[in-house]
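Each remark here refers to the structure printed beneath this line.
All values below were derived from every heavy atom in this structure, side-chain atoms included, with hydrogens, water molecules and symmetry-related copies excluded. In what follows, residues are counted from 1 in the order of the sequence shown.
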Amino acid sequence: MPFTLRRSKRKELVFSRSLVEAVKSKIFVPNKKDSYVYRSPTLRRQRSRYSHLPAELLAYIFILGAQDDPLFPITITHVCRSWRALALQTPSLWRIVSLDNRLRLWNEYIRRSRACTLDIRLVPQSRKNNGSSSPDPRSRAHGRYYLAAQSVQNYLHCAAPHISRWRSLEIEFQHYAPYLWNGALSACCGYGPSSYAPQLESLTLINPNNDDTNEFTLFGGYAPKLRRVTLNGIRLTWLPDVFANLSALDYTHHGFTRGRDAAAELLYMLQISNRLRQLKVSIPSRAGAHSSFPFRFPAEDSVLLAHLTELSIIIEDTNLPSALIQFIAHVSIPNIHTLHLMVKPTTNDTRPSRAGQSDISTRLRQFLKALPRLYTLRRLELEYAWLSDPRFIFMLLHVVPSLTHLTLRGPHITNSPLFELCDILRARYRSSSKYPLILDVLELDRCEHVTAGALVDVVKHNLDAGTGRRPGMCVRAVHVKDCVGVDVLALRRLKSNPSGVRLRVWRKVMYHYLLINML
């Protein structure tokens, strides 16, 4: 029996007008003309200030920021609509590709760079942590703490199809793994146009723990724009079409050869790259070096580097290898202006033992005998182990007649060698009739055992080389940097300085030098 109260049709649910208006007022945002949002006047001024910058200037600021942080372009695109549009329209902002396992990100970088040249990087994450040696914990997540050869090959495979657009290539490994260079350079060692690098200007390959003695031939033998090269722990085939136009070379020997073979290999490289303007050479000692270089450099020949103006020679501790002595004996540098004799910064700055002192003194005399007379040298810098024998400094002054700036760095300089140096400078000034040796600056850096009393005596008396025949001084200024044994208050006695020698004292505060005394 049907129910008498059942409806024949279901009535539609209808809300009242007042309920609909109430819901709309809660859900929908009012019109901008009818609403007012308070904004700080400072914020309005800042937005107005940045919005009035020309687009070219703003884009250049973005590019400078991207050089320090490869992810900076991503941050820029999340600030505002106009900055995002400008970033997407600036291809050079996306040229830095710092490879890791985020391959989709770097592929997007390459796409946004359009036809712009690329800077390819594969460096340890710890280098980006403000120079700290401890690795960033995030580097494990991005595959940068430890890399195997297969992972390296996968990363470089992302950029290999665009090798013709590479402007720079920087690969650095600080850990050991077998066949790392095979994985990293497999795409660069081919033959034919697909391996050419016509836009490459800078090349950096560093792996101090490498034990692979293979010789790599890069870019199919064609990289005509290459100008700057940094090598450490790798052996390359030195081809003229790749390395003939170099202007700067930072070369750390791979250690697979030593002695005459290492010197011959370096001289052969310099014969091809004879247009260098800056050269930095280091030949570290390495146990188990057994390979030989097939080219024997003639004993009577020399390599002419007519354009070289700056030369840096780096040694480890008190070890001055014979290869460096043979190298300096077979190179001609007629236009050299600056010579740096340096020690690796990772070494311990303590004094050598008596046996090491005797060995380094013998090697320094051999080096000085092989060094040619440098008539054009203006600036000379010596540090740590190069100062082990004070006689080396005194004899070195006889081969640099045009020297104007002398820098001595390290605890080997004490009061006694400083007095002897000033006596030699004064004697050279008095003995030279036409062109006396006059230093514009004598710089003492981190000479811990030099005292303020010694500096006062040096400035007041020892540097005054005036005579009745030729009045004057052999040093015009003395710069003291970070010498902890120098008491600045004791230098007040130089307020009445009759010699006219200027004295400047700096102290290192954080990462900068602060001038604290001017006399």
Original post:
Just how far is it from atom CG of Leu311 to atom NE2 of His340, taken to the nearest 0.5 Å?
Top reply: 8.5 Å
Subject >> Donor-acceptor contact present, side-chain Thr404 to main-chain Arg378, <3.5 Å >> reply: yes
Original post:
Which heavy atom in Leu239 sits nearest to a heavy atom in Gly221, and how many Å separate them?
Top reply: CD1-CA, 3.7 Å
Original post:
Taking side chain as C-beta onward, heavy atoms only, is Leu406 less than 4.5 Å from Val400?
Top reply: no
**OP:** Please step through side-chain contact (heavy atoms from CB on, under 4.5 Å) for the pair Ser113 and Arg165, ending with a clear verdict.
**Re:** CA-CA 10 Å; Ser113 64; Arg165 296 170 50 195; 2.8 Å; yes
Original post:
What's the verdict on side-chain contact (heavy atoms from CB on, under 4.5 Å) for Leu122 and Val152, showing C-alpha distance, side-chain angles and the deciding distance?
Top reply: CA-CA 9 Å; Leu122 182 59; Val152 172; 3.9 Å; yes
**OP:** Check whether any side-chain heavy atom of Glu383 lies under 4.5 Å from a side-chain heavy atom of Arg446, and answer yes or no.
**Re:** no
**OP:** State, with a plain yes or no, whether a side-chain heavy atom of Asp250 is found less than 4.5 Å away from one of Gln278.
**Re:** no
Original post:
Can you name the closest pair of heavy atoms from Leu276 and Ala248 and give their distance?
Top reply: CD2-N, 3.7 Å
**OP:** Give a yes or no on this: more than 12 heavy atoms of other residues, nucleotides or ligands lie within 6.0 Å of atom CZ of Arg373.
**Re:** yes
**OP:** For side chain to side chain donor-acceptor pair (under 3.5 Å), just list the numbers for Arg235 and Thr213, CA-CA rounded to whole Å, side-chain angles, deciding distance to a tenth of an Å, and then say yes or no.
**Re:** CA-CA 7 Å; Arg235 201 172 189 175; Thr213 60; 5.5 Å; no
Original post:
Could you give the distance from OG1 (Thr252) to NZ (Lys344), rounded to the nearest 0.5 Å?
Top reply: 6.0 Å
**OP:** Decide salt bridge (Lys or Arg N to Asp or Glu O under 4.0 Å) for Asp445 and Lys481; before the verdict, give the C-alpha distance in whole Å, the side-chain angles of both, and the deciding distance to 0.1 Å.
**Re:** CA-CA 5 Å; Asp445 187 3; Lys481 291 186 177 181; over 6 Å; no
Subject >> Step-by-step side-chain contact (heavy atoms from CB on, under 4.5 Å) determination, Phe216 to Asn182 >> reply: CA-CA 9 Å; Phe216 296 90; Asn182 289 338; 3.3 Å; yes
Original post:
Minimum heavy-atom separation for Ser186 to Gln153, with atom names?
Top reply: OG-NE2, 3.6 Å
**OP:** Please indicate whether His157 has more than 12 foreign heavy atoms, meaning atoms of other residues, nucleotides or ligands, lying under 6.0 Å from its NE2.
**Re:** no
Original post:
Going by atom types alone, do Asn210 and Asp212 pair a side-chain donor with an acceptor below 3.5 Å?
Top reply: no
**OP:** Could you tell me whether a side-chain N or O of Thr309 sits under 3.5 Å from a main-chain N or O of Arg277, the two making a donor and an acceptor?
**Re:** yes
Subject >> Worked check of side chain to side chain donor-acceptor pair (under 3.5 Å) between Thr257 and Glu265 >> reply: CA-CA 9 Å; Thr257 58; Glu265 185 174 358; 3.2 Å; yes
**OP:** Kindly check if the number of other-residue, nucleotide or ligand heavy atoms within 6.0 Å of OH (Tyr222) is above 12?
**Re:** no
Original post:
With a 4.5 Å limit on heavy-atom distance, are the side chains of Leu396 and Leu382 in contact?
Top reply: yes
Original post:
Is the backbone N or O of Tyr384 less than 3.5 Å from a side-chain atom of His412, with the two atoms forming a donor-acceptor pair by type?
Top reply: yes
**OP:** Please confirm whether the backbone N or O of Met269 pairs with a side-chain atom of Trp238, one donor and one acceptor, at under 3.5 Å?
**Re:** yes
Subject >> Nearest heavy atoms of Ile328 and Pro372, plus distance in Å >> reply: O-CD, 4.0 Å
**OP:** Give a yes or no on whether the backbone of His337 and the side-chain of Thr376 come within a donor-acceptor separation of less than 3.5 Å.
**Re:** no
**OP:** Looking only at non-hydrogen atoms, find the nearest pair between Ser302 and Val331 and report the distance.
**Re:** CB-N, 4.4 Å
Subject >> Donor-acceptor contact present, side-chain Asn319 to main-chain Pro284, <3.5 Å >> reply: no
Original post:
About how many Å separate OH of Tyr251 and OG1 of Thr230, when rounded to the nearest 0.5 Å?
Top reply: 13.0 Å
Original post:
To the nearest 0.5 Å, how far apart are CD in Glu381 and OG1 in Thr407?
Top reply: 5.5 Å
Original post:
Short question: side chain of Ser151, backbone of Leu147 - any donor-acceptor pair under 3.5 Å?
Top reply: no
Subject >> Distance (rounded to the nearest 0.5 Å) between Leu249 CG and Leu270 CG >> reply: 7.0 Å
Original post:
Short question: side chain of Trp83, backbone of His78 - any donor-acceptor pair under 3.5 Å?
Top reply: no
**OP:** Assess whether salt bridge (Lys or Arg N to Asp or Glu O under 4.0 Å) is satisfied between Glu201 and Arg227, documenting all intermediate values.
**Re:** CA-CA 5 Å; Glu201 300 176 5; Arg227 296 295 182 269; over 6 Å; no
Subject >> Expected output: side-chain Arg363 to main-chain Leu320 donor-acceptor under 3.5 Å >> reply: yes
**OP:** Walk me through it: do Arg258 and His253 pass the test side-chain contact (heavy atoms from CB on, under 4.5 Å)?
**Re:** CA-CA 9 Å; Arg258 58 183 177 184; His253 191 57; over 6 Å; no
**OP:** Please step through side chain to side chain donor-acceptor pair (under 3.5 Å) for the pair Thr217 and Thr237, ending with a clear verdict.
**Re:** CA-CA 5 Å; Thr217 303; Thr237 304; 3.0 Å; yes
Subject >> Test of ring centre spacing under 6.0 Å for Trp181 and Phe173 >> reply: yes
Subject >> Among Val123, Leu180, Leu185, the one residue meeting side chain to side chain contact (heavy atoms under 4.5 Å, CB included) with Ile171 >> reply: Leu185
Subject >> Ile234 and Asn207, any side-chain heavy atoms less than 4.5 Å apart >> reply: no
**OP:** Determine, for Glu108 against Arg112, whether the closest basic-nitrogen to carboxylate-oxygen distance falls under 4.0 angstrom.
**Re:** yes
**OP:** Would you name the heavy atoms of Leu267 and Val303 that are closest together and state the gap between them?
**Re:** O-CG2, 3.8 Å
Original post:
Can you check whether Leu279 reaches Ile333 side chain to side chain, under 4.5 Å on heavy atoms?
Top reply: no
Original post:
Where the side chain of Trp386 meets the backbone of Ile315, is there a donor-acceptor pair that is under 3.5 Å apart?
Top reply: no
Original post:
Should we count OH of Tyr179 as having more than 12 external heavy atoms under 6.0 Å?
Top reply: no
Original post:
With a 4.5 Å limit on heavy-atom distance, are the side chains of Phe62 and Thr90 in contact?
Top reply: no
**OP:** Find out whether Tyr196 and Ile163 are in side-chain contact, i.e. whether some heavy atom of one side chain is under 4.5 Å from a heavy atom of the other.
**Re:** no
Original post:
Can you tell me how far the CZ atom of Arg409 sits from the SG atom of Cys483, to the nearest 0.5 Å?
Top reply: 10.5 Å
